[in-house]
Amino acid sequence: MGKLDQYVPIVGQPVVDDLRLLARKLSGKVIQNVNSTPVGGGVAEILNRIVPLLRDIGVDARWDVIKGGAQFFEVTKKFHNVLHGKKDEVTAYDYDIFNATSRENIDAVSTYGDIVFVHDPQPIELIEKKADNKWIWRCHIDVSTPDHEVWAFLRRFIDRYDAAVFSAPSFSPELPIRQFLITPSIDPLSDKNKELPPEVIDAVFAKYGVPTDKPIVTQISRFDRLKDPLGVVAAYKKVKRYSDCRLILAGGTAADDPEGAEVLAEVREEAKGDPDIHILLLPQNDIEVNALQRGSAVVMQKSLKEGFGLTVSEALWKGKPVIASHVGGIPLQIAHKYSGLLCFSVDGAAFALKQLLNNPRFAKKLGENGREHVRTNFLITRHLKDYMLLFLSLYHAGDVIKL
Ligand code: UDP
């Protein structure tokens, strides 16, 4: 029995059969993924699951990671922020650093794939190595209101790719190359998302010294301003006066995110003096994230900007009621008052939180609907199918792919 068969009880046999059929069509092709970090953040999360599964069904998928120093990742973080619409000055020196590290990677990274699948801006200049193979640029960022200068800089490279992939229709800009809309996904069988026995969940809460005496409200995210952890604390404080609860803000740091320590210090300052706020610095440990999500009464994702927001799908899959901002790919996952609650502000988040804490039946229904929505739309099996169709389509410009 292959790994893929284990998904049959979750998504059904026909879905799995389709994937095998598509995989056969790709036999002999090497799909080379390239990104900038092996762990931390949504991109690494997805590649860690999708690459082995593609290999399991016979697609020769591989994954390479570019290298960069602290300065390079400070620049790429700045790119990330201003592409998301945040105001910041990107200097000529920043571009020099980006170009210099890119040149080192152009020399160091072999682009052997029949299809080179480049994720996000960090490795984008590798396109200089384009030969007669196919190149895809996968954008995980919400670039609906990007900084024009940085976007223009990136366009010099993007336009040379064969295709670009975005996560939501609203992100997709005008481009002279083919574009595909593919939402990310979660893996229901990964340590992050699989069912856990209650004793495992209890042990994680005990490990972090979080009592389970009151409803627990949790946001799990990198400590990043765009995830708005301070907004979560503010919303919690508004609600706490009326509905007793605990707040967990948990997160680790990603190798390509230098801002984390600063934001963490700000959050600690804001939480000072309240023993019911638990700030947890997590090691990279999927079981712990899973347990924290499962042990929560409500999961929040109060991002100011978001690519897709995998944490939302993760929580919905666990049947949790989720309160999340109406940004990026989150509205694709949450239909307001049906599969979760959307908010636009701290007040909105607080209102939603009060509503869910006071009405557990409503909260439960939202969680159930959310789980079914994720089953249909955001599981890895759907993602595999979209990616394989994308790969095949590169060899069929506009015509029908015969299966
Ligand atoms: N995550 C994690 N540990 C942490 C914080 C986040 O494993 O301490 C995971 C989280 O469960 C999710 C991913 O990292 O799978 C974050 O993806 P998302 O799309 O939510 O945000 P990104 O970090 O890519 O902006």
Side-chain angles (χ1 to χ4, degrees), residues 35-50 73 76-77 79-81 83-84 86 119-122 138-143 166-168 171 182-194 196 204 208 218-229 232 248-261 263-264 267 278-294 296 299-318 320 322 324-325 327-330 332-334 340 374 378-380 383:
N35 84 325
S36 65
T37 176
V39 286
V43 179
E45 175 76 21
I46 292 168
L47 287 175
N48 267 310
R49 303 305 302 178
I50 236 168
F73 288 123
T76 58
K77 187 67 204 278
F79 278 12
H80 180 92
N81 286 340
L83 288 170
H84 266 304
K86 192 179 157 193
H119 297 264
D120 279 342
Q122 299 93 332
R138 201 316 176 202
C139 181
H140 294 268
I141 302 171
D142 174 355
V143 287
F166 296 91
S167 295
F171 301 179
I182 300 180
T183 50
S185 64
I186 62 163
D187 185 343
L189 299 181
S190 66
D191 282 350
K192 175 81 54 80
N193 297 306
K194 68 184 184 188
L196 290 180
V204 172
Y208 287 104
T218 300
Q219 173 160 302
I220 297 178
S221 276
R222 292 178 292 105
F223 287 96
D224 178 325
R225 289 205 175 79
L226 293 180
K227 305 290 184 185
D228 200 18
V232 177
I248 294 180
L249 285 168
T253 49
D256 59 353
D257 180 3
E259 233 175 20
V263 177
L264 179 62
V267 176
H278 304 266
I279 296 167
L280 313 182
L281 200 52
L282 297 182
Q284 194 61 43
N285 184 322
D286 288 347
I287 297 276
E288 288 188 1
V289 170
N290 188 345
L292 291 172
Q293 289 167 330
R294 287 187 188 276
S296 300
V299 170
M300 309 231 351
Q301 191 58 57
K302 215 212 138 295
S303 305
L304 302 173
K305 285 279 178 175
E306 193 56 76
F308 179 70
L310 279 177
T311 48
V312 173
S313 276
E314 288 164 6
L316 292 176
W317 179 246
K318 295 169 182 98
K320 295 295 158 185
V322 176
S325 308
V327 293
I330 289 175
L332 300 174
Q333 302 176 70
I334 293 185
V374 171
F378 303 119
L379 294 186
I380 195 168
H383 202 175

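Every number for a ligand or one of its atoms is a count from 1 in the order of the listing. We're numbering straight along the sequence, starting at 1.
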For R138 and S167, test the side chains for any donor-to-acceptor distance below 3.5 angstrom and give the result as yes or no.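 The criterion, which ignores hydrogens and geometry beyond distance, is satisfied for S167 and R138.
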
Ignoring angles and geometry beyond distance, decide whether [X] reaches within less than 3.5 Å of ligand 1 through its nitrogen or oxygen atoms.
X    : value
G252 : yes
I220 : no
T311 : yes

[X] side chain to [Y] backbone, donor-acceptor under 3.5 Å:
X    : Y    : answer
N290 : D191 : yes
Q333 : S313 : yes
S325 : V327 : no
K305 : H84  : yes
N193 : P188 : no

Report yes or no: does a heavy atom of [X] sit under 4.0 Å from some atom of ligand 1?
X    : value
E306 : yes
G307 : no
Q284 : yes

Can you list the ligand 1 atoms lying under 4.0 Å from a non-hydrogen atom of [X]?
X    : value
G309 : 19 (O), 20 (O)
V289 : 2 (C), 3 (N), 7 (O), 11 (O)
E314 : 10 (C), 11 (O), 12 (C), 15 (O)

Select one of side chain, backbone, both or neither to describe which atoms of L310 lie under 4.0 Å from any atom of ligand 1, heavy atoms only.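 L310 to ligand 1: contacts from backbone and side chain alike.
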
Between K192 and ligand 1, which residue portion shows a heavy-atom distance shorter than 4.0 Å: side chain, backbone, both, or neither?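 The side chain, only.
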
Electrostatic pair K227-E306, nearest N-O below 4.0 angstrom: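 Yes, K227 and E306 are salt-bridged.
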
What I want to find out is whether K194 reaches D187 closely enough, with some N-O distance under 4.0 Å, to be called a salt bridge.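 A salt bridge is absent here (no side-chain N lies under 4.0 Å from a carboxylate O).
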
Pick whichever of K227, R222, H84 has a heavy atom sitting closest to atom 21 (O) of ligand 1.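 Of the listed residues, K227 has the closest heavy atom.
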
